Amino acid sequence: MYLVTVLGNLLIILAVSSDSHLHTPMYFFLSNLSFTDICFISTTVPKMIVDIQIQSTVISYVGCLTQMSLFAMLVCMDDMLLTVMAYDRFVAICHPLRYPVIMNPHLCGFLVLVSLLFSLFNSLLHNLIILQFTYFKDVEITNFFCDPSQLLNLACSDTFTNNIVIYVIGGIFGFLPISGILFSYYKIVSSILRIPSSGGKYKVFSTCGSHLSVVCLFYGTGIVEYLGTAVLHAPRKGALASVMYTVVSPMLNPFIYSLRNRDIKSSLWRLHRRTV
């Protein structure tokens with residue numbers, strides 16, 4: 001699954017970079033999302049694979065904090081890129097004539113830079129909260145990586161305080177981006193409903209199908225994994241949700257975008273023919 005994820009996302013990046021037809025804002029953001037997914041899964045899974053091979057369940061304190069920091073940053077980066085992609089679809093559908101002017105290369109680069117800075121701030125905030133608590137030693141985490149919410153469970157003796165911290169961070173870095181996605185799709189649906197023909201409605205909305213599928217997969221597993229542990233306190237369900245969130249979701253993204261997208265399929269086919 002790790003190799004499929006890395007190869008699938010690398011193919012998306014290669015297809016976008018090698019085909020001039022795909023040098024558009026939508027595919028620029030998609031290639032950034034693919035790169036983030038590669039880094040995201042590489043933060044947790046290689047360590048797990050090595051641990052399985054050597055029958056080890058130990059990680060150092062520094063290694064745990066590093067893994068948690070990268071995880072928090074890359075999750076937030078995924079989150080922000082999906083929001084930016086929703087805004088791109090909003091401009092393309094609601095303001096098609098002004099799309100090339102609004103989504104110019106400078107704005108696209110700026111949006112990716114802001115996403116990165118926002119993600120770094122999220123990671124820094126997680127670190128500052130965890131470092132306020134006592135040094136961890138000989139503690140057990142019921143997961144295959146250093147999950148921020150589980151570290152907070154270990155650090156906070158007060159369950160109420162722990163839940164408040166999780167919900168505040170989740171609200172700031174989860175609710176705000178998903179609010180932007182929902183607002184964008186509200187405007188998109190309103191514009192689509194004004195199209196007279198049903199065929200035209202389907203054609204326009206089909207351009208959002210892949211993005212919607214990825215958003216549902218990402219947020220569905222993320223809500224269960226991040227917020228569910230604060231309420232349910234079910235280690236097995238939390239670990240299963242973590243696998244879906246950190247392994248299955250990045251693996252399915254390139255398939256969702258390639259199988260549902262004619263441009264990507266055509267580019268991959270041209271790339272294959274040139275290689276052969």
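All values reported here derive from a predicted model rather than from experimental measurement.
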Practice problem: Provide the closest heavy-atom pair for I41 versus P46 in the form atom of the first, atom of the second, distance. | Solution: O-CD, 3.5 Å

Exercise. Measure across N253 and S249 and return the closest heavy-atom pair with its distance rounded to 0.1 Å.
Key: OD1-O, 3.0 Å

Practice problem: Identify the residue among D37, V6, T246, T5 that makes a side chain to side chain contact (heavy atoms under 4.5 Å, CB included) with M251. | Solution: T5

Quiz prompt | Any I188 side-chain heavy atom under 4.5 Å of C208 side chain | solution = yes

Quiz item: Do F35 and L10 share a hydrophobic cluster, counting only Ile, Leu, Val, Met, Phe, Trp and Tyr and linking them when any side-chain heavy atoms are less than 4.5 Å apart?
Solution: yes

Self-check item: Shortest non-hydrogen contact from M1 toward V247
Solution: CE-CG1, 3.6 Å

Quiz item: For S115 and S119, which heavy atoms make the closest approach, and how far apart are they?
Solution: O-OG, 2.7 Å

Atom pairs and distances, donor-acceptor, side-chain atoms in residues 85-99, under 3.5 Å, two or more places apart:
residue : atom : partner : partner atom : Å
D88     : OD1  : Y99     : OH           : 2.5

Quiz item: Hey, does F218 have a side-chain heavy atom less than 4.5 Å from the side chain of L252?
Solution: no

Quiz item: Is any side-chain heavy atom of L111 closer than 4.5 Å to a side-chain heavy atom of F29?
Solution: yes

Quiz item: Can a donor-acceptor pair be found between the side chains of H21 and D19 at a distance below 3.5 Å?
Solution: yes

Quiz item: Between I52 and F145, is there a shared hydrophobic cluster once you connect ILVMFWY residues whose side-chain heavy atoms come closer than 4.5 Å?
Solution: yes

Tabulate below the donor-acceptor pairs under 3.5 Å that side-chain atoms of residues 67-74 make, not counting sequence neighbours, or state none.
residue : atom : partner : partner atom : Å
Q67     : OE1  : C146    : N            : 2.8
Q67     : NE2  : T43     : O            : 3.2
S69     : OG   : L65     : O            : 2.7
S69     : OG   : N127    : OD1          : 3.0
S69     : OG   : N127    : ND2          : 2.6

Quiz item: At what distance, to the nearest 0.5 angstrom, does CZ of F144 lie from CG of D51?
Solution: 11.0 Å

Self-check item: For the student: nearest non-hydrogen atoms of K47 and V58, plus distance
Solution: NZ-O, 3.2 Å

Quiz item: Which atom names give the shortest non-hydrogen contact between I256 and S213, and what distance separates them?
Solution: CG2-CB, 3.9 Å

Quiz item: Any chain of hydrophobic side-chain contacts (each under 4.5 Å) joining F183 to Y219?
Solution: no

Self-check item: Interatomic distance, S20 atom OG to H23 atom NE2 [nearest 0.5 angstrom]
Solution: 6.5 Å

Quiz item: With F28, which residues qualify under ring-ring contact (aromatic ring centres under 6.0 Å, His included), at least two apart?
Solution: none

Quiz item: Could you give the distance from CG (N122) to NE2 (H126), rounded to the nearest 0.5 Å?
Solution: 5.0 Å

Exercise. Please step through side chain to side chain contact (heavy atoms under 4.5 Å, CB included) for the pair D79 and F118, ending with a clear verdict.
Key: CA-CA 10 Å; D79 199 359; F118 197 70; over 6 Å; no

Quiz item: So do the side chains of V112 and M77 get within less than 4.5 Å of each other, counting heavy atoms only?
Solution: yes

Quiz item: Under a 4.5 Å side-chain heavy-atom rule over Ile, Leu, Val, Met, Phe, Trp and Tyr, are I178 and L82 clustered together?
Solution: yes

Quiz item: How far does CD1 of I12 sit from CG of L7, to the nearest 0.5 angstrom?
Solution: 12.0 Å

Practice problem: Answer yes if M26 and I102 sit in the same cluster of Ile, Leu, Val, Met, Phe, Trp and Tyr residues linked by side chain heavy atoms under 4.5 Å apart, and no otherwise. | Solution: yes

Quiz item: Between OG of S31 and CG of N9, what distance do you get to the nearest 0.5 Å?
Solution: 10.5 Å

Self-check item: V45 and I49, any side-chain heavy atoms less than 4.5 Å apart
Solution: yes

Quiz item: Atom CD1 of I181 and atom NE2 of H211: how far apart are they, to the nearest 0.5 Å?
Solution: 5.5 Å

